[in-house]
Protein chains: 2
Amino acid sequence: MQPARRLYRRESEENRRSALISATQELVAEGGPEAATVRAIAARAGVTPGLIRHYFQTKDELTRAAYRALMDGMTAKGADALDGVGALPEERLAAFVAASLRPPVLDAGAVVLWAGYMHKVRSDPELLAVHEAGYLAYRDTLQGLIEALPRKAKPGQTRSEAIACNALIDGLWIEGSLLRTTFQPDEVVAIGLRSVAAILGVELTAPPVPLPDPGKTL
Amino acid sequence: MQPARRLYRRESEENRRSALISATQELVAEGGPEAATVRAIAARAGVTPGLIRHYFQTKDELTRAAYRALMDGMTAKGADALDGVGALPEERLAAFVAASLRPPVLDAGAVVLWAGYMHKVRSDPELLAVHEAGYLAYRDTLQGLIEALPRKAKPGQTRSEAIACNALIDGLWIEGSLLRTTFQPDEVVAIGLRSVAAILGVELTAPPVPLPDPGKTL
DNA sequence: CATTTTGTTATACGCGCGGATAATCGACGC
DNA sequence: GCGTCGATTATCCGCGCGTATAACAAAATG
């Protein structure tokens, strides 16, 4: 009785791809890029290593897909935050900042994943393009929200302020994610809102209420 | 005439160790942790792979030493910035902030190195200790400089402000290092000083002069 | 139910990895 | 100068890596 060939089910391409991408992200988040070997990824996704090459020509391609998925997911979550909120500029800016400093954006796995791929981003033109697109989309949204505020700004001032707010949010995102236990719930959000308000010279005490998803008609 | 045995010079332990540590840091900065193999490190340091094991029992030990050296170097540079500067609180804080946002602290290699080791820091207790020591030293210095400012602060306020300033500086350090060409010289310093001043509600137009090292009696 | 298609597994290959050990030879005490 | 010591090199080992290819079987097709 030799070991029988492993049973399996055929799955849709979409299911397989997303499973492999998720497995890659999880492994990088847990143990860095060197932990995301093809064998480990396949095991995590519940398939055998060879299947990876059926959906991705090379491991690098899977890597790129995983990074792209990370960036897309983060920007999507940022956009979601602006969906249900009102039209008041202060309110919209506050919602955007708060969403960036709360789960699911605030997430240690995402930070480690982002950090683990940093050097690849610098050396791989395709990843660099993905990164810059995501980065600029975020900063543009931020700058647009700042420009909508009711105040007079000198030319060029908005750019500097957007850079500063972006840096502040990034820093809080990293520290808040990695040292989540060190902070009280929503303490990071409060600090972020207060600091952004100070940088921009506006009142930003608008509702940072988490509002527990009052609908979705589930 | 078979290939002769490689010529070599004996070096002090200190020289060898620092050469190996530097080589490790360079390689991680350039190509991430997976590029820093023992063979590549040895080649970069001008020795053969076996020698690494003469000075470090394992590669992990060398890795830890390299990370420790990075953190020590950065905090040392931060402390240096406070050496020659006057006693005015605003001036000292400004000097500290500016030094953190200028070379040699502002350095893409340092950022990538820091990012590349992030997941190891989370999983290795020894590295975690090194990291926290460096991190807290920085934040304590920052908080001390903030508390020295001539103003009245509510209890607990300083902590929040130190976290915010720290996050802002971190974010600017990362973006300024990675996108150095995107910014004008000292633009990041200017943004950092202006934003820290806004967060703390103080004037901080104190001299961010680079002062080209007017002495050292070399 | 027979046939084709192709998603999936199984197996193998070559390479570079980190680590261990033995041989060598540069420097230093005497 | 001559030994002696140990810093340094040379060589080897087993393993896990990414990749390639063939065998297989689950579903689709008629």
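Here is how names work: the chains are called A, B, and so on, in the same order as the sequence lines, proteins then strands, and each is numbered from 1.
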Please check this pair: side chain of [X] against backbone of [Y], looking for a donor-acceptor N/O pair closer than 3.5 Å.
{"X": "Ser195(A)", "Y": "Gly192(A)", "value": "no"}
{"X": "Arg139(A)", "Y": "Ile163(A)", "value": "no"}
{"X": "His119(A)", "Y": "Val112(B)", "value": "no"}
{"X": "Asp186(B)", "Y": "Val189(B)", "value": "no"}

Whole angstrom value for the distance that separates [atom2] of [N] from [atom1] of [X]:
{"X": "Leu27(A)", "N": "dC17(D)", "atom1": "CG", "atom2": "P", "answer": "11 Å"}
{"X": "Leu20(B)", "N": "dG18(C)", "atom1": "CG", "atom2": "P", "answer": "13 Å"}
{"X": "Arg39(A)", "N": "dT11(C)", "atom1": "CZ", "atom2": "C1'", "answer": "11 Å"}

Item to check | Salt bridge present between Arg194(A) and Glu161(B) (N-O < 4.0 angstrom) | outcome: no
Checklist entry - Can we say Glu14(A) and Arg16(A) salt-bridge, meaning some charged N sits less than 4.0 Å from an Asp/Glu carboxylate O? => result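 Looking at Arg16(A) together with Glu14(A), the answer is no, because their closest N to O distance does not fall below 4.0 Å.
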Checklist entry - Going by heavy atoms closer than 4.0 Å, what residues in residues 44-64 of chain A are next to DNA chain D? => result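 Heavy-atom cutoff 4.0 Å gives Arg53(A), Thr58(A), Lys59(A).
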Checklist entry - Which parts of residues 112-128 of chain A get close to DNA chain D, meaning a heavy atom less than 4.0 angstrom away? => result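 Here the set is empty: none.
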Item to check | Any residue meeting salt bridge (charged side-chain N to carboxylate O under 4.0 Å, His left out) with Arg159(B), in chain and number order, not counting sequence neighbours | outcome: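 Glu187(A).
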Checklist entry - Do Arg16(A) and dG7(C) share a donor-acceptor pair, side chain to base, under 3.5 Å? => result no
Checklist entry - Glu11(B) near the nucleic acid: base, sugar-phosphate alone, or nothing, with a heavy-atom cut-off under 4.0 Å? => result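 The answer is sugar-phosphate, as Glu11(B) gets under 4.0 Å only of primed atoms, P, OP1 or OP2.
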Checklist entry - Going by distance alone, is a donor N or O of one side chain under 3.5 Å from an acceptor N or O of the other, for Tyr117(A) and His131(A)? => result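 There is no such pair between these side chains.
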Next on the checklist: Do Ile52(A) and Lys59(A) have side chains that approach each other closer than 4.5 Å (heavy atoms only, starting at C-beta)?
Outcome noted: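 Counting from C-beta outward, Ile52(A) and Lys59(A) never come under 4.5 Å.
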Without placing hydrogens or testing angles, list every side-chain donor-acceptor pair under 3.5 Å for residues 93-101 of chain A, not counting sequence neighbours.
residue, atom, partner, partner atom, Å
Ser100(A), OG, Phe96(A), O, 3.0
Ser100(A), OG, Tyr138(A), OH, 2.8

Checklist outcome for this item: Nucleotide by nucleotide, nucleotides 25-30 of chain D touches protein heavy atoms under 4.0 Å in the pattern (B base, S sugar-phosphate only, - none) BBS---
Next on the checklist: With salt bridge (Lys or Arg N to Asp or Glu O under 4.0 Å) as the rule and sequence neighbours excluded, what pairs involving residues 27-47 of chain A come up?
Outcome noted: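 Listed by first then second residue: Glu26(A)-Arg44(A), Glu30(A)-Arg44(A), Glu34(A)-Lys120(B).
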Item to check | DNA chain C: 5'-proximal contact among Ser12(A) and Glu34(B) (nearest heavy atom) | outcome: Ser12(A)
